[in-house]
Amino acid sequence: MKPDVTQTSGPSGWEAFYRIVRRIPRGKVVTYAQVALLAGRPRAARHVGFALAALRGSGTRVPWQRVLGKRSAVTAGISILDPMGAAAQRDLLEREGVRVDERGRVSLVDHGWRPRRR
DNA sequence: GACATGACGTAAT
DNA sequence: TATTACGCCATGT
């Protein structure tokens with residue numbers, strides 16, 4: 001089940017994920033694996049989506065829209081929970097300067113955010 | 001403590 | 001490039 005974000009205020013590892021996502025600058029995107037890696041859990045890519053999914057309903061201000069899958073991109077699991085949300089997310093990314101493919105795929109090489117480098 | 005679930009990743013085909 | 005199979009980590013029951 002989806003755990004409550006409101007209770008994740010504790011020392012849970014989920015808070016680390018939110019912290020990483022907040023660092024994502026406008027016009028840049030990252031993959032779940034990237035966030036997980038920065039959070040210190042390179043094998044916990046699944047949990048990143050978990051945490052972000054809960055945020056969607058909590059109204060927390062986290063740019064979850066900038067977090068994509070490696071190959072699935074935007075139309076990944078969001079469409080499962082919110083088909084319209086996926087389309088809206090694609091529009092939002094385009095507004096930030098991110099070019100989204102017709103299939104919902106984004107060039108991570110071009111828009112991939114590179115932390116720990118500046 | 002063990003089993004089941006999940007916005008995923010990587011390797012193999 | 002798409003599809004299938006397996007694995008990893010955290011949370012819930």
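Numbered from 1 within each chain, the chains take letters A, B, ... in sequence-line order. Keep in mind that what you see is a predicted model, and the values were worked out from it rather than measured.
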- B/dA7 C1' sits how many Å from A/L55 CG, rounded? 11 Å
- Message: Of the options C/dA10, B/dG9, C/dT1, whose atoms approach the side-chain atoms of A/W14 most closely?
- Response: C/dA10
- Query: Are any side-chain N or O atoms of A/H111 and backbone N or O atoms of A/V106, one a donor and one an acceptor, separated by less than 3.5 Å?
  - Reply: no
- Note on the structure: In whole angstroms, the gap separating C1' of C/dT11 from CG of A/L52 amounts to 15 Å
- Quickly work out the A/R43 CZ to B/dG9 P distance and round it to whole Å. 13 Å
- Query: Taking CZ from A/F50 and C1' from B/dC8, how many angstroms apart are they, rounded to a whole number?
  - Reply: 10 Å
- Could you work out which one of C/dA10, B/dG9, B/dG6 sits closest to the side chain of A/R41? C/dA10
- Side chain of A/A45 - closest among B/dG9, C/dT1, C/dT11: B/dG9
- Message: Whole angstroms only, please: what is the CZ-C1' distance between A/F17 and C/dA10?
- Response: 8 Å
- Message: Looking at A/R46, I'd like to know whether one of its side-chain N or O atoms comes within less than 4.0 Å of OP1 or OP2 on C/dC6.
- Response: no
- Item | Length of the NZ-C1' vector between A/K70 and B/dA7, whole Å | 17 Å
- Query: Atom CG of A/L37 to atom P of B/dC8: distance rounded to whole Å?
  - Reply: 18 Å
- Message: Between P on C/dC8 and OH on A/Y32, what's the gap in Å once rounded to a whole number?
- Response: 22 Å
- Message: Using modelled atom types and a 3.5 Å cut-off, is there a donor and acceptor pairing between side-chain atoms of A/S107 and backbone atoms of A/D110?
- Response: no
- Task: Go through the structure and list residues passing side chain to side chain donor-acceptor pair (under 3.5 Å) with A/E96, not counting sequence neighbours.
- Result: A/R66
- Task: Only counting residues at least two apart or in another chain, list the ones meeting side chain to side chain donor-acceptor pair (under 3.5 Å) with A/R95.
- Result: A/D91
